[in-house]
Amino acid sequence: MTFAELKLDDRLLTAIDYMGFENASPVQEKVIPIILENRDLIACAQTGTGKTAAFVLPVLHKIAQKENRGCNTLIIAPTRELALQIEKEIQGFAYFTNASSIAIYGGGDGLGWEAQKKALTSGTDIIIATPGKLISHLNMGYVDFSSVKHFILDEADKMLDMGFVDDIRKIAEHLPKQRQNLMFSATMPESIRKLAREILHNPEEINLALSKPAENIDQKAAIVFENQKIPLIQHELKQRKHYESILVFTSTKSKVSEIVRSLRKIGLDAKGISSNLEQDEREKVLQGFRARQIRILVATDVMSRGIDIKEINMVINFDIPHDAEDYVHRIGRTARVNARGEALTLVTADEFHKFRRIERLIEQEVPRLTLPRELGPPPEIKPRFKKKSGNKKPYSKNYGKRPQGKGGRKPYRNNTNNSKGG
Ligand code: AMP
């Protein structure tokens with residue numbers, strides 16, 4: 001479906017054209033008409049599906065169609081990186097309209113308090129804010145949200161994980177009762193549904209992502225000893241010198257430095273990003289990566305959702321994400337709309353049960369990578385005995401089959417562990 005068929009304002013169509021988008025993505029096809037009809041919406045859609053444009057375009061359409069006084073739209077995002085990303089996309093689409101937008105977030109750079117106050121009180125059309133910073137302003141009593149028509153929660157699941165639920169409730173109290181509410185979430189646990197029941201009115205529901213990675217991601221998993229991880233990524237990355245953009249995710253800041261050092265040692269250009277860096281340094285590194293000046297970016301999990309960069313060739317999970325849903329998020333950086341991507345996950349024997357949880361979540365068995373001979377044999381994954389109630393049916397027809405390759409690993413038929421945690 002073309003964007004013109006969605007009956008968007010001509011000025012937006014021109015901007016869309018400039019941005020090189022040819023057709024609306026499935027989430028845009030479904031979401032845009034609902035927003036244009038002023039219905040509330042709860043949408044389960046991952047990053048990478050084009051969800052930002054799906055809510056930004058119809059809102060800009062409405063702003064472009066009529067004269068507006070005061071703040072029209074409030075978008076709440078969990079991290080400053082995401083808030084900035086949304087604002088950037090709005091600025092692109094709004095180029096030929098006179099809609100204004102501003103991102104309000106905490107931290108070193110960005111607008112100072114006074115400038116934020118001014119933006120919040122001078123009728124900027126679209127405010128994109130992180131919850132904590134917005135609450136600080138709301139507490140001062142000068143913010144007037146009486147003209148807000150759209151309240152948008154992006155990555156609602158992440159906001160709940162980060163403990164922002166009360167802030168969201170409090171922000172909603174400052175908004176007019178008559179408004180359109182839109183909630184986007186990569187996953188739909190009960191906690192999200194509960195919040196949705198509180199905030200949304202008779203919403204349309206769209207489910208485009210049942211916690212499954214996009215089909216155009218070529219996923220692989222390597223079962224390794226911890227000390228095989230660095231040599232393995234060195235080996236894999238040496239073979240991919242033609243890749244322009246590679247993201248490596250790891251669990252801790254200290255590992256970021258260790259991985260960066262090991263890659264530089266073999267002549268690969270890599271940079272690290274973690275909360276150790278100041279906000280402006282982080283932005284600089286992200287910009288370098290975006291501009292293809294940095295080829296390999298090593299990041300902590302915390303950074304994973306804020307990195308919206310198109311056409312990443314490969315994502316490497318140096319460690320298993322703690323949360324199975326985060327796997328989907330992390331590898332969602334690659335294979336964005338209309339592109340192919342690769343995802344490699346390194347799994348130690350200790351992490352294997354977590355990896356099985358991921359496989360259950362995504363309902364697929366990720367093909368195993370055979371280690372290069374010089375790295376030695378991989379660890380053996382010992383089958384576990386079933387629990388009494390563990391009479392679970394396998395989800396995949398390949399379940400329990402010997403993984404491909406010559407690794408000689410044991411099948412892991414009995415390795416179903418339904419427990420939480422880890
Ligand atoms: P999102 O899911 O909003 O994070 O968007 C993922 C990426 O896809 C962003 O970089 C967008 O600029 C891009 N994108 C969004 N919609 C389209 C589209 N219809 N065609 C091509 N790229 C798109």
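All ligand and atom numbering here is 1-based and tracks the order in the structure.
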Pick whichever of Phe184, Phe55, Phe21 has a heavy atom sitting closest to atom 12 (O) of ligand 1. Phe21
Short version for Phe93: what comes under 4.0 Å of ligand 1, heavy atoms counted, is neither
When you look for heavy atoms under 4.0 Å from ligand 1, do you find them on the side chain of Met19, its backbone, both, or neither? neither
I need the single residue from Lys66, His150, Lys149 that forms a side chain to side chain donor-acceptor pair (under 3.5 Å) with Asn72. Which is it? His150
Which ligand 1 atoms does [X] reach within 4.0 Å, using its non-hydrogen atoms?
X     : value
Ser25 : 19 (N)
Thr52 : 1 (P), 3 (O), 4 (O)
Phe3  : 19 (N)

Glu22 to ligand 1: N or O pair under 3.5 Å? no
Would you say Gly50 has any N or O atom under 3.5 Å from an N or O of ligand 1, going by distance alone? yes
Could I get the full list of side chain to side chain contact (heavy atoms under 4.5 Å, CB included) partners for Tyr243, not counting sequence neighbours? Arg240, Ile246, Arg295, Asn313, Met314, Glu342
Going by the rule side chain to side chain contact (heavy atoms under 4.5 Å, CB included), which residues pair with Ala196 if we only count those two or more places apart in sequence or in a different chain? Ile42, Met183, Leu200
Answer with yes or no after comparing the ring centroid distance for Tyr95 and Tyr18 against a 6.0 Å cut-off, counting only values under it. no
I'd like to know whether ligand 1 has Asn23 as a neighbour, heavy-atom separation below 4.0 Å. yes
Closer than 4.0 angstrom: is that true for some heavy atom of Glu89 and an atom of ligand 1? yes
Is Lys255 close enough and on-axis enough to Phe318, meaning under 6.0 Å and within 45°, for cation-pi? no
Salt bridge (Lys or Arg N to Asp or Glu O under 4.0 Å) between Glu205 and Arg193, worked out: CA-CA 11 Å; Glu205 187 164 340; Arg193 294 194 175 277; 3.0 Å; yes
We want to know whether Glu81 and Gln85 form a side-chain donor-acceptor pair, criterion being a heavy-atom distance below 3.5 angstrom. no
